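Take a look at the structure below.
Count residues from 1 along the sequence. All ligand and atom numbering here is 1-based and tracks the order in the structure. A quick note: this is a predicted structure, and the numbers were derived from the prediction, not measured. Side chains included, hydrogens not; waters and symmetry mates left out as well; all remaining heavy atoms used.
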Amino acid sequence: MMGLMQQMPLNISSLIVHAEKHHGDTEIVSRRVEGDIHRTDWAGIARRARQVANALDGWSLALGDRIATLAWNGYRHLEIYFGVSGSGRVLHTINPRLHPDQVAWIANHAEDQVLCFDMTFLPLVQKVHAQCKTIRHYVALCEAAALPADTGIPNLVSYEAWMGQQRPTYDWAEIDENTASSICYTSGTTGNPKAALYSHRSTILHAFAAALPDVMCLSARDSVLPVVPMFHVNAWGIPYSCAMVGAKLVFPGAQLDGKSVYELLEAEGVTFAAGVPTVWQMLLGHMKPAGLRFGTLQRTVIGGSACPPAMITAFREEYGVDVLHAWGMTEMSPLGTLCTLKNKHQSLPPDQQMTIRLKQGRAIFGVDMKIVGDDGQEQPHDGVAFGDLLVRGPWVIREYFKGEGGDPLRDGWFPTGDVATIDADGYMQITDRSKDVIKSGGEWISSIDIENIAMAHPAVAMAACVGVKHPKWDERPIVVVVKKQGLEVSRDELIDFYQGKTAKWQIPDDVVFLDAIPLGATGKMLKTELRKKLIDYKLPGT
Ligand code: AMP
């Protein structure tokens with residue numbers, strides 16, 4: 001017997017319709033690349049999203065056509081999010097931090113028809129447009145008057161001139177909820193990037209899940225500042241969840257330095273912020289010397305790479321801000337787990353709570369996880385046994401765009417490429433990327449653990465642990481360190497610092513000091529590049 005409830009497709013347009021109807025006067029604030037602060041609200045975003053949809057119709061773009069952006073977090077980008085997907089086209093947010101050749105490669109692979117870009121990226125577009133074979137229209141996200149006359153870019157219009165003249169009414173497309181809505185390329189640290197193609201259904205289900213109390217706990221009472229870029233896995237789904245719950249959004253634009261982010265947090269009464277550890281490091285680095293405090297910030301979600309314990313402590317103990325450690329990936333829309341304590345953990349002493357907070361967290365409803373050994377056998381959930389982390393769920397990838405790389409699934413599960421433990425309470429902890437695991441004398445060493453200890457030293461700004469060949473132990477860990485400006489620490493002092501903090505055999509054999517650790521386009525350490533830098537390195541005594 002079938003249920004007798006209404007069949008309403010889960011479409012992204014329903015989010016903006018809801019936000020306008022029920023939260024129309026809730027503010028959307030943006031620091032613009034023009035330098036000023038711009039204010040609109042959900043009703044304004046909805047009206048202009050409809051104008052974007054009309055403007056796209058005017059160019060006779062078919063359903064499913066890819067519309068690309070090279071843009072910071074801001075209101076125009078948000079209008080494009082809803083205007084593009086709502087009208088049945090596919091939003092392709094390109095990461096501007098990629099190499100220009102990679103930007104062109106991605107645009108060609110996605111067969112983008114339109115590219116909308118912030119004026120910051122005009123030089124980038126000038127560099128790549130000749131290589132972009134499928135793009136028919138370029139849209140500069142500015143007023144007509146701000147567009148230089150001679151850019152050399154063909155079919156270029158200003159956004160305001162293009163969409164500003166359109167009707168503000170639009171009948172959102174009635175589309176199957178399984179239709180593609182947006183596309184994101186993985187960072188492609190090895191080989192060419194591959195793309196995850198999200199659907200309206202997967203996006204809406206992810207938005208519901210992200211807003212849950214034990215996830216981001218988003219509501220109409222929140223003022224939300226996503227520092228995580230809208231070109232990085234749709235800013236972790238925050239624009240969609242905020243429309244769903246009617247939260248205020250505050251966009252930082254291009255200014256992600258500690259001072260600018262702090263000023264915006266304070267001026268706009270931000271209660272919730274989200275970003276990768278490096279941006280929070282810049283924020284705390286600005287606040288500490290000046291003795292600044294947060295007026296309204298209650299919680300922050302930190303993910304994308306492991307959150308160092310020193311950061312959790314600083315936020316919680318010095319500033320009274322709850323840190324939510326999160327894990328996910330492009331192939332998962334991206335949220336997989338988030339770390340909040342259970343009731344029974346509330347009475348634990350702080351150090352035991354910290355042990356839990358450092359984990360990447362519990363599976364969000366909708367995400368199923370398991371860990372398997374080399375033999376494919378499922379490992380116990382005891383917090384000790386580790387294995388390859390596999391996931392499945394309605395917002396987890398089934399296949400890459402254009403079938404790149406063949407079938408990625410193993411018996412219906414997606415192998416994440418991460419190695420993890422899961423404890424009896426369901427908390428998952430990443431120990432490594434599978435390709436970064438260090439195997440010493442047959443035992444595995446977690447590079448993340450080794451990095452976290454170094455990061456707790458007051459003179460260490462960044463630490464990366466890699467394995468190097470060893471004649472007896474096969475591999476031994478060394479730690480590559482970038483020192484904080486003006487602070488000193490010697491090799492021996494740092495090795496000493498490890499004593500008592502980890503098993504003796506896990507203490508790195510050596511410390512290498514560098515001025516910088518290579519970072520990828522999404523701010524993650526590029527260990528492949530780091531290993532290339534260390535190609536001539538030899539362990540002392542070998
Ligand atoms: P991306 O698809 O670029 O978002 O990268 C996803 C990968 O980032 C994951 O597979 C993890 O290796 C890593 N990652 C994401 N969040 C975390 C976290 N909280 N701790 C450790 N690694 C993480």
(request) Would you check whether P334 reaches within less than 4.0 Å of ligand 1, judged by its heavy atoms? (result) no
(message) Please determine whether any non-hydrogen atom of G520 lies less than 4.0 Å from an atom of ligand 1.
(response) no
(request) Check S333, S182, S181 against N234 for a side chain to side chain donor-acceptor pair (under 3.5 Å) and give me the one that passes. (result) S182
(request) Considering non-hydrogen atoms only, spot the tightest contact between W280 and M311 and give its length. (result) CB-SD, 3.8 Å
(message) Just to be sure I read this right, does ligand 1 sit under 4.0 Å from the backbone of C307, its side chain, both, or neither, counting only heavy atoms?
(response) neither
(message) So for atom CG, which belongs to D374, do other residues, nucleotides or ligands contribute more than 12 heavy atoms lying within a distance under 6.0 Å?
(response) no
(message) With a 4.0 Å cut-off on heavy atoms, is S305 in contact with ligand 1?
(response) yes
(request) Go through ligand 1 atom by atom and flag the ones less than 4.0 Å from a non-hydrogen atom of W327. (result) 9 (C), 11 (C), 14 (N), 15 (C), 16 (N), 17 (C), 23 (C)
(message) Tell me whether D368 is salt-bridged to R392, with the criterion being a basic N under 4.0 Å from an acidic carboxylate O.
(response) yes
(message) Heavy-atom contact check, 4.0 Å cutoff: does M332 meet ligand 1?
(response) no
(message) Classify the ring geometry of Y81 against Y240: parallel below 30°, tilted from 30° to 60°, perpendicular beyond 60°.
(response) tilted
(request) Would you check whether T186 reaches within less than 4.0 Å of ligand 1, judged by its heavy atoms? (result) no
(message) Any nitrogen or oxygen of G304, side chain or backbone, less than 3.5 Å from one on ligand 1?
(response) yes
(request) Give the atoms of ligand 1, by number and element, whose distance to some non-hydrogen atom of A326 is under 4.0 Å. (result) 16 (N), 18 (C), 19 (N)
(message) How close do V482 and D515 get, counting heavy atoms only, and between which atoms?
(response) CG1-O, 3.4 Å
(request) Using a strict cut-off of 4.0 Å, indicate which atoms of ligand 1 neighbour a heavy atom of H232. (result) 3 (O), 4 (O)
(request) Using a strict cut-off of less than 4.0 Å between a Lys/Arg side-chain nitrogen and an Asp/Glu carboxylate oxygen, indicate whether D322 and R357 qualify as a salt bridge. (result) yes
(message) Heavy-atom pairs closer than 4.0 Å: do any link ligand 1 to the side chain of T330, the backbone, both, or neither?
(response) both
